[in-house]
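Presented below is the structure to which this report refers.
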Amino acid sequence: MALVAERNTPVRLSFEQGVLILEAGSSDDAQAVERVDAQLEGDDISIAFNPTFLLDGLSAIDSPVAQLSFTTSTKPALLSGRPAVDAEADEAYKYLIMPVRLSG
């Protein structure tokens, strides 16, 4: 996704029950859409991040499961790892990431 996202173009994450839809790129030449299984607690939400900052946070997780915690699409999100889907978040690593405002 980061390869398709142009400089300063956010990667959009749309969380729905059971799925995460990632979207990057804003031109007809380079666009990417990926669907990933995900667990969501709460209402559906769309949020966007700078792809470099998101990749930095994900790369540092030393766990098989990544957890992204947020309240709204305009407030900072907390990224952490989990040893398993049904386990508690690993307190050894927390990464705070500020979202990018989505236009429209």
Side-chain angles (χ1 to χ4, degrees):
M1 294 303 252
L3 296 175
V4 174
E6 297 173 12
R7 184 178 179 145
N8 298 326
T9 301
V11 171
R12 294 169 303 283
L13 290 77
S14 299
F15 291 88
E16 300 172 4
Q17 294 301 323
V19 68
L20 163 61
I21 302 168
L22 298 115
E23 299 175 84
S26 59
S27 68
D28 291 334
D29 295 334
Q31 285 185 319
V33 177
E34 190 73 36
R35 297 175 68 88
V36 179
D37 291 338
Q39 289 186 346
L40 174 66
E41 294 179 16
D43 297 330
D44 294 354
I45 188 170
S46 290
I47 193 166
F49 297 106
N50 175 303
T52 303
F53 297 152
L54 182 59
L55 190 56
D56 287 348
L58 289 170
S59 297
I61 292 176
D62 190 27
S63 300
V65 178
Q67 174 179 306
L68 189 59
S69 304
F70 41 79
T71 54
T72 68
S73 62
T74 58
K75 294 192 177 178
L78 184 65
L79 182 61
S80 56
R82 286 181 165 191
V85 173
D86 57 350
E88 292 295 318
D90 183 5
E91 295 294 322
Y93 176 77
K94 293 180 181 179
Y95 184 83
L96 191 67
I97 183 169
M98 189 68 186
V100 177
R101 289 190 186 265
L102 292 168
S103 59

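When reading the values below, keep in mind they use all heavy atoms of this one structure, side chains included, and skip hydrogens, waters and symmetry mates. Note that the structure is predicted; figures quoted are calculated from it, not measured.
Ring pair F49/F70: centre-to-centre distance not below 6.0 Å.
Distance check: L22 CG to L13 CG gives 4.5 Å after rounding to the nearest 0.5 Å.
With sequence neighbours left out, E91 forms a salt bridge (Lys or Arg N to Asp or Glu O under 4.0 Å) with K94. Applying the side chain to side chain contact (heavy atoms under 4.5 Å, CB included) test to D86 and every residue at least two apart in sequence or in another chain returns A84.
Listed here is the closest heavy atom pair of V65 and V85: CG2-N, 3.8 Å. Closest of all the heavy-atom pairs between V11 and A24 is CG2-CB, 4.2 Å. When all heavy atoms are compared, the tightest approach of L58 to L79 is N-CD2, 3.6 Å. Across N50 and V100, no two heavy atoms sit closer than the pair N-CG2, 3.7 Å.
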inquiry  = Run F15 and I47 through side chain to side chain contact (heavy atoms under 4.5 Å, CB included) and show every step you take.
reply    = CA-CA 8 Å; F15 291 88; I47 193 166; 4.1 Å; yes
query = Hey, mind stepping through E23 and S14 against side chain to side chain contact (heavy atoms under 4.5 Å, CB included) and telling me if it holds?
reply = CA-CA 8 Å; E23 299 175 84; S14 299; 4.1 Å; yes
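Side-chain atoms of Y95 come within 3.5 Å of backbone N or O of F53 as a donor-acceptor pair. Between the Q17 side chain and the Q39 main chain, no donor and acceptor come within less than 3.5 Å of each other.
Applying the 6.0 Å contact sphere to CD of E88 captures no more than 12 heavy atoms from other residues, nucleotides or ligands.
Note: the hydrophobic cluster containing L68 does not contain L96 (ILVMFWY, side chain heavy atoms under 4.5 Å, direct or indirect links).
Of the candidates L40, D43, I45, D44, D44 is the only one forming a side-chain contact (heavy atoms from CB on, under 4.5 Å) with E16.
The stretch residues 69-84 participates, sequence neighbours left out, in these side-chain hydrogen bond (donor to acceptor under 3.5 Å, both in side chains) pairs: Q67-S69, Q67-R82, T72-T74.
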